[in-house]
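Residue numbering restarts at 1 for every chain, and letters A, B, ... go by the order of the sequence lines.
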There are 2 protein chains.
Amino acid sequence: MNIQLALDRYTIEEAIEIAKSTEGFIDWIEVGTSLIKEYGMVSVEKLKNAFPNKVIVADIKTIDNAYYEFDMCFRSGADVATVMGVSPAATINACIETAEKAGKRVMVDLLNTNDSQQKELFHYKQAIFCAHVSKDEQEIAGKQNIVTEQIYDPTVQLAVAGGITLDSIASFRELQPNVVIIGSAITKAKDKRLAAKQFKKVLLQWNGERKHENIR
Amino acid sequence: MNIQLALDRYTIEEAIEIAKSTEGFIDWIEVGTSLIKEYGMVSVEKLKNAFPNKVIVADIKTIDNAYYEFDMCFRSGADVATVMGVSPAATINACIETAEKAGKRVMVDLLNTNDSQQKELFHYKQAIFCAHVSKDEQEIAGKQNIVTEQIYDPTVQLAVAGGITLDSIASFRELQPNVVIIGSAITKAKDKRLAAKQFKKVLLQWNGERKHENIR
């Protein structure tokens with residue numbers, strides 16, 4: 001189980017600084033969509049250069065032009081790139097293929113997908129699926145990502161995202177996500193290092209409990 | 001009726017050069033998604049600086065973080081910014097509000113929207129709706145944007161996009177789109193200026209015929 005630190009609405013330098021202060025407790029680093037759209041691929045390059053041993057996720061939110069965008073992310077140093085699940089099938093396919101050729105990975109953002117779209121998408125066992133409550137849904141509509149009503153296919157790899165806090169993270173334990181994406185609960189914490197450490201502690205505890213359950 | 005020149009998969013300098021060679025025959029200039037994601041907001045700034053009297057469309061394809069992304073586009077000189085119609089309602093609303101406050105405009109990309117989503121979206125009479133066959137659908141799935149099966153609400157402002165050529169443009173006449181978005185049929189033409197001139201001629205002819213019809 002990995003913690004993905006989401007870096008959004010920062011300059012590249014601020015993003016690097018925040019990631020540095022939490023480095024020991026996070027696993028994956030997300031170059032947020034806002035960084036990519038504001039600064040371009042140099043944001044991915046600089047984050048990968050600063051953290052060559054971390055998994056770098058380019059949250060490019062591809063919805064068309066899949067080969068071009070994914071190739072550009074991987075050439076810039078991304079290990080994972082994101083595509084919107086609401087994209088046409090041709091786009092999703094091209095992302096999966098481009099990642100496979102590059103030996104990299106795809107995260108499919110399930111934002112606003114319906115049940116039948118999810119059912120189709122879940123055929124891609126090599127992808128990671130991100131159950132995503134968007135920033136706008138959180139900030140404008142007041143929605144939170146706590147255990148969703150959707151039933152996820154237990155055979156797919158899952159990431160969860162959207163305003164997750166130390167209070168709400170417990171609700172995800174049963175889902176056993178592969179990746180827990182944390183943004184402002186770390187980046188806006190007074191002590192970012194401590195916040196990251198606390199999240200890591202929860203995840204390590206889950207891992208321990210699960211091992212124990214398996215033994216029983 | 002306006003021609004929007006779509007500039008994608010180029011460097012900023014190439015994009016400016018192409019737009020310059022066709023300047024007399026195009027009305028709107030689209031800073032393509034690939035330029036924004038590759039180079040960031042500097043692509044919008046440089047295109048606006050090069051063409052201060054053209055309408056600059058930032059094809060940012062927002063699907064979250066609406067206020068931040070739209071504000072960034074408008075501050076960089078965009079006159080129009082795009083949002084995906086498949087976004088959550090909170091996002092579309094925030095784009096409309098941000099544009100209204102800035103005295104700018106929203107183009108809603110209808111890519112992969114269904115009938116009920118379109119019905120909801122068409123309440124926004126101030127927006128322009130882009131009937132969009134994506135690059136991937138054209139290049140991978142072989143789909144073309146000729147007259148679509150969908151019936152558009154005649155009270156909304158419409159743009160059409162997706163592999164439109166001098167051969168296929170005729171099929172859009174009945175739809176009376178406000179904006180016809182042309183990419184490779186101009187940018188990949190041997191004589192780009194001539195290609196742009198020919199498209200402009202078709203649109204001027206449509207305008208003339210329509211005036212004539214009204215007089216009758």
Side-chain angles (χ1 to χ4, degrees), chain A residues 8-9 12 32-44 58-70 72-73 75-76 81-95 97 109 111-114 116-117 132-143 161-162, chain B residues 8-9 12 32-44 58-70 72-73 75-76 81-95 97 109 111-114 116-117 132-143 161-162:
Chain A
D8 246 309
R9 301 178 182 172
I12 299 172
T33 313
S34 64
L35 265 84
I36 292 175
K37 288 180 174 175
E38 195 160 359
Y39 305 107
M41 279 299 111
V42 70
S43 60
V44 178
D59 191 15
I60 193 158
K61 289 190 169 54
T62 292
I63 196 161
D64 188 16
N65 205 10
Y67 171 74
Y68 191 93
E69 291 192 5
F70 264 47
M72 161 171 115
C73 286
R75 279 188 293 106
S76 301
T82 64
V83 60
M84 300 310 298
V86 291
S87 306
T91 299
I92 312 272
N93 267 319
C95 290
E97 281 180 22
D109 188 327
L111 178 68
N112 241 15
T113 50
N114 59 34
S116 82
Q117 286 171 320
H132 187 192
V133 172
S134 72
K135 283 185 178 53
D136 291 340
E137 289 173 307
Q138 294 169 53
E139 295 169 356
I140 303 169
K143 210 168 150 188
Chain B
D8 245 309
R9 303 178 180 171
I12 299 173
T33 313
S34 64
L35 265 83
I36 292 175
K37 288 180 174 176
E38 196 160 359
Y39 305 107
M41 278 299 111
V42 70
S43 60
V44 178
D59 191 16
I60 193 159
K61 288 191 170 51
T62 292
I63 196 160
D64 188 17
N65 206 10
Y67 171 74
Y68 192 92
E69 291 192 4
F70 264 47
M72 163 171 113
C73 287
R75 279 188 292 105
S76 301
T82 64
V83 60
M84 300 311 297
V86 291
S87 306
T91 300
I92 313 270
N93 267 320
C95 290
E97 281 180 23
D109 188 326
L111 179 67
N112 242 15
T113 51
N114 59 34
S116 81
Q117 286 170 320
H132 187 191
V133 172
S134 72
K135 283 184 180 53
D136 291 341
E137 288 173 308
Q138 294 170 53
E139 296 170 354
I140 304 169
K143 210 169 150 186

Between [options], the one whose heavy-atom pairs under 4.5 Å with chain A are most numerous:
{"options": "B:A90, B:P88, B:A141, B:S134", "answer": "B:P88"}
{"options": "B:I140, B:N93, B:I63", "answer": "B:I63"}
{"options": "B:V42, B:N65, B:I36", "answer": "B:N65"}
{"options": "B:M41, B:K61, B:E38", "answer": "B:E38"}

[X], part contacting chain B, at a heavy-atom distance under 4.5 Å:
{"X": "A:L111", "answer": "side chain"}
{"X": "A:S43", "answer": "neither"}
{"X": "A:I60", "answer": "both"}

Counting only heavy atoms closer than 4.5 Å, note whether [X] contacts chain A via side chain, backbone, both or neither.
{"X": "B:S76", "result": "neither"}
{"X": "B:E69", "result": "side chain"}
{"X": "B:Y68", "result": "side chain"}

Hey, what do you get for [atom1] ([X]) to [atom2] ([Y]), rounding to the nearest 0.5 Å?
{"X": "A:K135", "Y": "B:Y67", "atom1": "NZ", "atom2": "OH", "answer": "15.5 Å"}
{"X": "B:E137", "Y": "A:D64", "atom1": "CD", "atom2": "CG", "answer": "7.5 Å"}
{"X": "A:N112", "Y": "B:N112", "atom1": "CG", "atom2": "CG", "answer": "12.0 Å"}

